[in-house]
There are 2 protein chains.
Amino acid sequence: MATMKEVAHYAGVSVATVSRVLNQPQSVKKKTQEQVLKAVQALNYTPNFLGKNLRQHQTKRILVVLNTISNQFYSRVVQGIEDKAREFDYNVLMMTTRNLQKNILEAITMIQTKIVDGAIFMTTLHAEEQISELNRNYPVVCACEPVEDTEISCVSIDNIQAAYDATRFLIERGKRRIALMGVNFDLKKTDQKIHQYGSAALREIGYKKALEEAHISVDTTLFFPKGLTYKDGASSVWDILKLKRLPDAIFAFSDAGAIGAIRALKVRGIRVPEDIFVVGFDNTAMSEVYQPSLTTIGQPQYMIGLTAMELLFERISGHVTKSIVLKHELVERDSTRLSV
Amino acid sequence: MATMKEVAHYAGVSVATVSRVLNQPQSVKKKTQEQVLKAVQALNYTPNFLGKNLRQHQTKRILVVLNTISNQFYSRVVQGIEDKAREFDYNVLMMTTRNLQKNILEAITMIQTKIVDGAIFMTTLHAEEQISELNRNYPVVCACEPVEDTEISCVSIDNIQAAYDATRFLIERGKRRIALMGVNFDLKKTDQKIHQYGSAALREIGYKKALEEAHISVDTTLFFPKGLTYKDGASSVWDILKLKRLPDAIFAFSDAGAIGAIRALKVRGIRVPEDIFVVGFDNTAMSEVYQPSLTTIGQPQYMIGLTAMELLFERISGHVTKSIVLKHELVERDSTRLSV
DNA sequence: GCCAATTTTGTAATCGATTACAATTAAAAT
DNA sequence: ATTTTAATTGTAATCGATTACAAAATTGGC
C-alpha cells in the first residue's frame, strides 16, 4: 500500500535509489541497500506495476484467449504456453470468449490498452477481421485454429490431412456411410473463404477428399454440425436415428462429441464398435478411459502451446511472422476394433 | 499506437478535452466532439489503460485463480463469475497454479501490484498464510475450498454434510467397506488445523461421521489419497486390488476419479454397480454420459461463481466480509443402482 | 449592447514507477 | 596532499492518462 516515495523517505534516500535497489542492486552501496530493504519491509511495500509498466512500455504478461476452459484439450496447450513463458519470466493470463464475438473484442481491447504485451488466440471464429487488424500493431499468434491472414503467426496440425487419415482409416475397414459431427459447416453459406470456418471446415475437406478417393459420394445428410460437447454428440445421434439408413461409422470433431454419441447410441441399443465405428478428435484423457475406449486423432497439445509461445516471443521482439504445422497421430482404440 | 496527446494536437484541442469526449461526452460541445472523434478515427487511437488505471486507482478487472483448467467443474463456476462481473462492467482474467505454491504467489503478486482490483481463489492449499495476509489489504474471496481465516469471504457447499450424505446413502444400501478416493489426507500429519487440508479433509470428516453413526469402524487402509484425475482413480484401483478384502463401495472426491476407477475395475472384470458401488463428486457432464452413469454429489457451480463475484464486489466497495454456504444435492444414477 | 450566469475549454498537477543526466562522494593514482 | 577516475546518489523529466481549477467563450436577461 506504501509507495516508493514513502519508502525513499523512510530510508532517507531518493526514489531513484529505491528503484535501483529493487532493480539493479549491484549499482548501489551495500549499506544503502540494507537501509532501503529495511524500509521496504517496514512499510510492507510492493511496487505498483501500472506505473512500472507504463514507464517501461512492457508488462511481461501475455493473454491466452480461449472459447471455453471446459475443453480438456486446451489445458495441456496452456501448460505448454506457461512453461515456455516462464522461461522468459512472463506471466500468462487467460480469458474465455464462449464463442461470443463481444468477448473476443473484449480480449482484443486488453491488448490494445497495453494490459498485456501480446496474445495467443485459440479462437479465431467470429472475429478474424478484428484479430487481423490487431495483428498489424500488436504481437499476436493463433494456435489450433487456422487463420487466413498469412501475416499472423500460427501453430496447428494439418487438419485436412488429419481428417483424411481418420476417414481413410474407416474406409479401409469397410465403412462407407460415415457421419460427420462437428461445428460451423453452415457458415459456408455466407462466405466462400474456407479459412473463416476454422478447423472444422478443413476437416470437412479432408473427409471429402478421402471419400472421393474411394469413389464414395458425399452425402450431406450425414453432416451434423451441432457442436463439440457431450450433449451435442448425443443430440446429433437423435437426428441420426431419424435417417432411413443408418451410417456405419461416425467421425466426430471432438472426443466429447464422440463419447456423447456412443452413449446415446447405447441407449438405443446400438453397439459401438459392433454396429457402428466411432472416431473422435484430440485424444483427451477421457478417450482412453471411456468404455469403449475411443479411436481418435491426437494433437501434440503441449508442443502446440510451447511453439505458440515461442512464436509470440519472436513476434514481441522482432515482428517475425512464421507459421508452423505440427504432426498429428491416429490412435486406434476399441471404438473401431472388433474383438476377435 | 497514438497517444491522447497526438489526438489532441490533431484535433486542435487540449488533452483534457479529448479525455472528456471519451469519458463524459455530455460535458463537451457537439462540434468539438466530432472533431475529436474524427481525430481518434484518423489516428486509430486506443487509450492506454496503464495510464488510466494508474490515475484512477482502479482497473475494473479481477483475477480468478484456479489449480487447473482441465477440471470441468470450474468452467461453470467461472461462467457464474463472468456473468456477474459483466453486470458491473468488470473483466475476468484467470491464472492457473497447477498446485504449485510458486504460482499462487505469482497470482498474489498480480493483485499486490495493482494489475487487478481483486481476486477469487479456488485454490487455497499451499498458501493459506499468504492469501490471508493478502486479504488484509486487498479484496479477496475464496470459493469451493474452505479457508480457516474468518476474515476472508468464502462461498462453498457444506463439504462435511455432503460427504456424510454420500456415505450414508451407501450405508443405507448395505455397503460397509467404503473406500475413499481423494487428495491430501496426509497433510494432516504436519498440522492439526483441519481447514488447511481443504475440502477433502472436510469430506473425510463427513465420511467418518456417517460410519460412526452406523457403528462401522473406520479402516484407513481404505483411504487412497492419490488425486482427482482419471489416472489417479485408475491408479488407486490397482492399490485397492492388493487388499485382502475388496471394498464393496468407492466414494471418490471427483467424478473423474470415480470414472477412472470404474474403468480400471472393469479391466479386472469387476463390475459396477453389481460388485462395487461407486459415487463421485461434482456432477460434471461426464457423470451423466459415462457408462454406467455415475451417482454423484452435485454442487451449484454457477451459483457459487455468481455469489463469489457478488462477495468480491462487496469487498471491493466496502470491505464487507461474509461467508455463504450453498446447498449440494445427491444425484442418483446407475453406478449405485442394481437393475431390477 | 452590457453584465451575470452558464457552458465549454485549457493549464497544470497527479497517479507511481523508471531513467538520463548531473552532482556528489569515494577510491585510485600521482 | 592533490588530482583523476570510478562508484554512488540525487534531480527532474517521462510514460499516458485523469481531473481540480482557472480561463475563456457562450448564453440569456435586461
Side-chain angles (χ1 to χ4, degrees), chain A residues 1-37 39-40 43-61 89 109-117 137-138, chain B residues 1-40 43-61 109-117 137-138:
Chain A
M1 312 247 70
T3 71
M4 183 171 278
K5 203 163 150 192
E6 299 176 73
V7 172
H9 183 254
Y10 186 102
V13 298
S14 73
V15 288
T17 301
V18 176
S19 177
R20 287 194 201 96
V21 170
L22 268 28
N23 297 304
Q24 5 174 0
Q26 72 289 353
S27 79
V28 46
K29 211 164 46 166
K30 263 272 147 52
K31 197 157 156 202
T32 344
Q33 275 190 46
E34 284 164 21
Q35 286 174 54
V36 170
L37 291 177
V40 166
L43 301 179
N44 194 19
Y45 169 77
T46 39
N48 180 322
F49 275 9
L50 294 173
K52 178 183 177 123
N53 297 163
L54 175 61
R55 181 59 221 253
Q56 297 192 317
H57 300 287
Q58 72 158 341
T59 63
K60 293 238 167 198
R61 268 169 266 135
D89 258 317
T109 300
M110 202 68 71
I111 300 140
Q112 291 175 327
T113 57
K114 307 286 200 299
I115 301 309
V116 294
D117 292 342
N137 296 309
Y138 303 87
Chain B
M1 312 247 66
T3 71
M4 184 172 277
K5 203 164 151 192
E6 300 176 74
V7 172
H9 183 255
Y10 186 101
V13 299
S14 73
V15 288
T17 301
V18 176
S19 177
R20 287 193 202 98
V21 170
L22 267 29
N23 296 304
Q24 6 175 356
Q26 73 289 354
S27 79
V28 45
K29 207 163 51 165
K30 264 271 148 54
K31 198 159 156 202
T32 343
Q33 275 190 47
E34 284 163 20
Q35 285 174 56
V36 170
L37 291 177
K38 201 170 295 174
V40 165
L43 301 179
N44 195 18
Y45 169 78
T46 38
N48 180 323
F49 276 8
L50 295 172
K52 177 181 177 127
N53 297 163
L54 176 61
R55 180 61 220 254
Q56 297 191 318
H57 301 286
Q58 70 158 344
T59 64
K60 292 241 170 193
R61 267 169 266 137
T109 300
M110 202 66 71
I111 300 139
Q112 291 175 326
T113 56
K114 307 286 200 302
I115 301 307
V116 295
D117 291 343
N137 297 308
Y138 302 87

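A, B, ... follow the sequence lines: proteins, then strands. Residue 1 opens every chain.
Here the C1' atom of nucleotide D/dT18 and the CG atom of A/L50 are 14 Å apart, to the nearest Å. For the pair A/R20 CZ and D/dA7 C1', the interatomic distance rounds to 11 Å; values are reported in whole Å. One interatomic measurement links the two molecules: NZ of B/K5 to P of D/dA17, which rounds to 11 Å at whole-angstrom precision. In this entry the distance linking CD of A/Q58 with C1' of D/dC15 reads 13 Å, nearest Å. Atom P of nucleotide D/dA17 and atom CD of B/Q24 are separated by 16 Å, given to the nearest angstrom. Atom CG in A/N53 sits about 10 Å away from atom P in C/dT18, given to the nearest Å. Per the geometry, CE belonging to B/M4 stands 11 Å off P belonging to D/dT19, to the nearest Å. Between A/E6 atom CD and C/dC15 atom P there is a gap of 11 Å when expressed in whole angstrom units.
Judged by closest nucleotide on DNA chain C, B/Q33 is the one of B/Q33 and B/G51 placed further toward the 5' end. Checking A/K30 against A/A16, the closest nucleotide of DNA chain D that is more toward the 5' end is the one next to A/K30.
The two residues B/Y138 and B/K114 make their nearest non-hydrogen contact at OH-NZ, 3.8 Å. Between B/V116 and B/I111, the shortest heavy-atom contact is CG2-CG1, 3.7 Å.
B/Q33 contributes a side-chain N or O that, together with a main-chain N or O of B/P25, makes up a donor-acceptor pair within less than 3.5 Å. In this structure a side-chain-to-backbone donor-acceptor pair under 3.5 Å is missing from B/E34 to B/K31.
In the set D/dT18, D/dG10, C/dA17, the nucleotide with an atom closest to the side chain of B/K52 is D/dT18. Nearest to the side-chain atoms of B/T32 among the listed nucleotides C/dT8, D/dT14, D/dA17 stands C/dT8. When distances run from any side-chain atom of A/L54 to the nucleotides D/dC15, C/dA20, D/dA17, the shortest one goes to D/dC15. Among the nucleotides C/dG16, D/dT8, D/dT18, the one closest to the side chain of B/H57 is C/dG16. Between D/dA17, C/dT9, C/dT18, one nucleotide has an atom nearer to the side chain of B/N48 than all others, and that is D/dA17. When each of C/dT19, D/dT9, D/dA17 is scored by its nearest atom to the side-chain atoms of A/K29, the top-ranked nucleotide is D/dT9.
Contact of B/R55 with C/dG16 (side chain to base): no donor-acceptor pair of N or O atoms is detected under 3.5 Å.
One finds no side-chain N or O of A/S14 lying less than 4.0 angstrom from the OP1 or OP2 phosphate oxygen of D/dT9. Checking the phosphate oxygens (OP1, OP2) of C/dT19, a side-chain nitrogen or oxygen of A/Q56 falls inside 4.0 Å.
Here B/N23 lies in heavy-atom contact (under 4.0 Å) with sugar-phosphate atoms only. A/T17 comes within contact range of the sugar-phosphate backbone alone, with a heavy-atom separation under 4.0 Å but no base atom that close. Across all strands shown, B/T3 has heavy atoms under 4.0 Å from sugar-phosphate atoms exclusively, and none from any base.
Interatomic distance, CZ of A/R61 versus CG of A/D117, reported as 7.5 Å (0.5 Å rounding).
Checking each of A/K52, A/M4, A/Q24 against A/S19 for a side-chain contact (heavy atoms from CB on, under 4.5 Å) leaves exactly one that passes, namely A/M4.
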